[in-house]
Structures are given as structure tokens and as C-alpha cells.
Amino acid sequence: MRKLWLTLILTLGSLAMAQSGKLEIFSWWAGDEGPALQALIDLYKKRYPNVEVINATVTGGAGVNAKAVLKTRMLGGDPPDSFQVHAGQELIGTWVVADRMEDLTALFNREGWMTKFPKGLIDLISYKGKIYSVPVNIHRSNVMWYVPARLREWGVQPPKTWAEFLTTCQTLKNKGLAAPLALGENWTQQHLWESVALGVLGAADYANLWTGKLRFTDPKAVAVWNTFGRVLDCANRDAAGLSWQQAVDRVLEGQAAFNIMGDWAAGYMTTTKGLKPGEGFGWAPAPSTAGVFMMLSDSFGLPKGVKNRANAINWLRLVGSKEGQDTFNPLKGSIAARTDSDPSKYNTYLQSAMRDWKSNRIVGSLVHGAVAPESFMSQFATVMEIYLSSRNAQAAANAAQAIANQVRLGQ
Ligand code: GAL
């Protein structure tokens, strides 16, 4: 028996050594967002020391710049060996329907993953019964961040509803805080919008927007823009020029009280800023969204015709493994996509996210690819601009509905 193990270990070892050549991973996890990916790459290098890993990143939160570069490369016949893509419509409605991705169903079966990932998540990465990417994490979109000590100084509590938020905002303004809500560039404004939409509409009607059951021009959906406008009045005027990290910094520095951002903000505050969850920063569900977890999932796929296919498959095997996920996620500020991860490796914020992920009602994020195809998402930035320049809820609602019709959202 011992001999058999030894032979197996030696064979596996020499197989890993035998892997050589390159591996190019494409993502938008640069700079402050880089440490979790780097840890995963380091693990890959440990397993396959002779493979040269090219960490190709294009800076810009939510992939605003990376997605355009990726498109050029994919259409130009120069796909990276594997790239970051959100589970859901961003993957399926774009690259899968265009027949640019390899079917990974056999890999899932071989690795025993069919029982390791939640069924709902497998559905999000599947098209016509085939699976097209490997999810590395689950992020939560609807989180409100603050610094507990500062709220105590100001004598306010984290607001539970948007109505309460607006009252708290006024209280803080009266105390001299010009912009109680820290906000960044366009995509972060859309990010705020999806939390307001979820809060105003509730989970069922929020989901109905993406299936086409609720029109953007329905009075209920128009009302979202009205609340959104009042929330915007609590934010800084220079939002367009700030990255999401700079918006978080405003909260940490006491220039603002709150920021609504996905829990990569927790990764930033713990991994980059070295803060302790619960002390250096606090969190709560975005107002009026308690009990609902707006999810998104980063995943990696295998484009057709890559240069280093075998190395890419080994990358995917690592991304989907328990060790890979429990290395990446505690640094990233996300929880594992796998259901068997080790909670002791995660901080108190992430442990609370794990509990909510299990017990809450789940809906998908618009901005981060879960519910609508890229064609809708990219044009939603324009809807946001229309609203910001006109402050006209009906005009924004009409524009959103026109795009929904054009891309046949939900059909
Ligand atoms: C999201 C992505 C996260 C994080 C964030 C900010 O779209 O899923 O992992 O990178 O953008 O850039």
C-alpha cells in the first residue's frame, strides 16, 4: 500500500514538473485588487513550477476597461488562456451564445464538482445543459459600510431603511458633514442604484425587472429613480472622478459616513488597509434590503482556441478546488463558491456573509453580470448619465425600457 502511494505521489509530482510553457490569466484585479489573485497564482506556481504565468490585468473596477480589451482580443482571435467573467448573463449572453467558450461539463464531472457547487450557481454558468465557467467566489453587492466609532461620535445608527437613511443623512448634514454618502464613478452609481432598486421594489419585483415581467416604465420602477435621486443628494459632488477605493477611503477618513459597495470593499479594508472587521469598519445590509443577498460570482472560463490549453485546464482545476478557494477568498473579501469551504479561514465579516448566503433570499446583481447581458449593462451607464444630467425619473425609466426592448431583456 505504501509503495502504491509513493508511486502515485511520484507520478503526480513528475506530471506537474512536466507541465511547462506559459499561462496567461486575464482580469481586472490590478493594484489594490491584486493580492487575492496573486495568492492563487503563487499556489499555481507551487504546483506547476515550470509554467510561466502571465498575469494580464487591465485596471478599472467592475471591469469597465478590461471588458473592452477582452472583446478586442476575443474578436481578434487572440484569447487569453483564461479570463475573469461574471457568472450569469455576462458569460452566457456574451461569449457562450457566440460559441467562443469550451464546454467544461466533463471537467466538472471529473473533479466531482457537481455536488460541490450550489445548484443555483451551476444553473447560472450553464447554457443548454452545458457548463461554461468555474466560479471562484460569491460576492455580495448590497452592503453598506461605515466606521462604528465615527457613527458613535456623530450619534447616529446605521439606517435600516432608505427612509431612515434620508433622515440620518439630514442629521449628519446638520452636523456639518456635507456629503454623508461617499460615491464614486459611473459604475459605482449604478451599483448604488441596484441596492436602491432592491430596497424600493423588494426581491420579487427586482427580479421581475430582469425577466421582463416588470417594465422599467411601471410606476413602481419609476419610483426607484425618485428615491435614488434623494439618496444622490446625500453624496459628494465629485463622484465621477473617484474610484471605488477612493470612495471607501472617504468613509475611513471620516469625510463621509456611509458607502454602498460590494464586499470587495471588505477585502480592501482588511487586506490592503489592515483593518479589523467590526472595529476598523462595520457593515449592514444596504437599507431596506435585510434578508436579501444580492449576489454575483467571479468565474474563469476557457475560450476556444487558446495557446496553452493544458495549463489553462490546470488553472481551472485550482480555481475550483477547496484549497484554491480558501486561499483566494479570505483575501478577496468574498466567500467560497464551494459549499465545503473552511469557515475558520474567514474573518467575522465573511462568516456573517456565509450565514446570510445560506439563509437569505438570493437575487442577482445587474452591474456585476448576473442578471442582464452585457449589451444591456453597458448601455445602462448611459441611462445613468441621462438621469444625472436631467434628474428626470421618467426619462431614465423610458431610456432603460428602450434598451430592454432593444436587447430583448428576459426573452
Ligand atoms: C466586480 C468583481 C469584483 C471586484 C469588483 C471591483 O465586478 O466581481 O471581484 O473586482 O468588481 O472591481
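No hydrogens, no waters, no symmetry mates; every other heavy atom, side chains included, goes into these values. Atoms within a ligand are numbered from 1 in the order they appear, just like the ligands themselves. Quick caveat: nothing in here was measured; it's all calculated off a predicted structure.
Here Leu296 has side-chain heavy atoms under 4.0 Å from ligand 1, and that is the only part of it that gets that close.
Atom 1 (C) of ligand 1 has its closest protein heavy atom at His368 ND1, 3.3 Å.
Ligand 1 has Ala62 within reach: a non-hydrogen atom of the residue lies less than 4.0 Å from it.
Distances from atom 4 (C) of ligand 1 to the heavy atoms of Gln245, Met261, Glu33 put Glu33 nearest.
Interface of Trp244 with ligand 1, defined as ligand atoms under 4.0 Å from a residue heavy atom, comprises 6 (C), 12 (O). Taking a cut-off of under 4.0 Å to the non-hydrogen atoms of His86, the atoms of ligand 1 that pass are 1 (C), 2 (C), 7 (O), 8 (O). Counting atoms of ligand 1 from 1 in the listed order, those under 4.0 Å from a heavy atom of Gly61 are 12 (O). Below 4.0 Å from some heavy atom of Trp29 lie the following atoms of ligand 1, by number and element: 4 (C), 9 (O), 10 (O).
Between Trp264 and ligand 1, not a single N/O pair is under 3.5 Å apart. Below 3.5 Å of separation, one finds an N or O of Lys332 facing an N or O of ligand 1. By the 3.5 Å distance cut-off applied to N or O atoms, Asp298 is counted among the residues near ligand 1.
Comment: Glu374 does not engage Lys71 in a salt bridge, judged by the lack of any side-chain N to carboxylate O separation of less than 4.0 angstrom. Taking the charged nitrogens against the carboxylate oxygens, Asp340 and Lys322 have no contact shorter than 4.0 Å, which rules out a salt bridge.
Ring pair Tyr44/Tyr48 is tilted by interplanar angle, where 30° to 60° counts as tilted. The aromatic rings of Phe108 and Trp113 stand perpendicular to each other, their planes meeting at an angle above 60°, with 30° marking the opposite boundary.
Between His368 and Trp244, the ring center distance fails the sub-6.0 Å criterion.
The residue from Leu121, Asn360, Val363, Asn142 that alone fulfils the side chain to side chain contact (heavy atoms under 4.5 Å, CB included) condition with Met295 is Leu121.
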Asp249 vs Lys273, test: salt bridge (charged side-chain N to carboxylate O under 4.0 Å, His left out). Steps then yes/no. CA-CA 10 Å; Asp249 288 346; Lys273 296 280 172 181; 3.7 Å; yes
Passes salt bridge (charged side-chain N to carboxylate O under 4.0 Å, His left out), Asp42 versus Lys46? Steps please. CA-CA 6 Å; Asp42 290 346; Lys46 228 159 101 192; over 6 Å; no
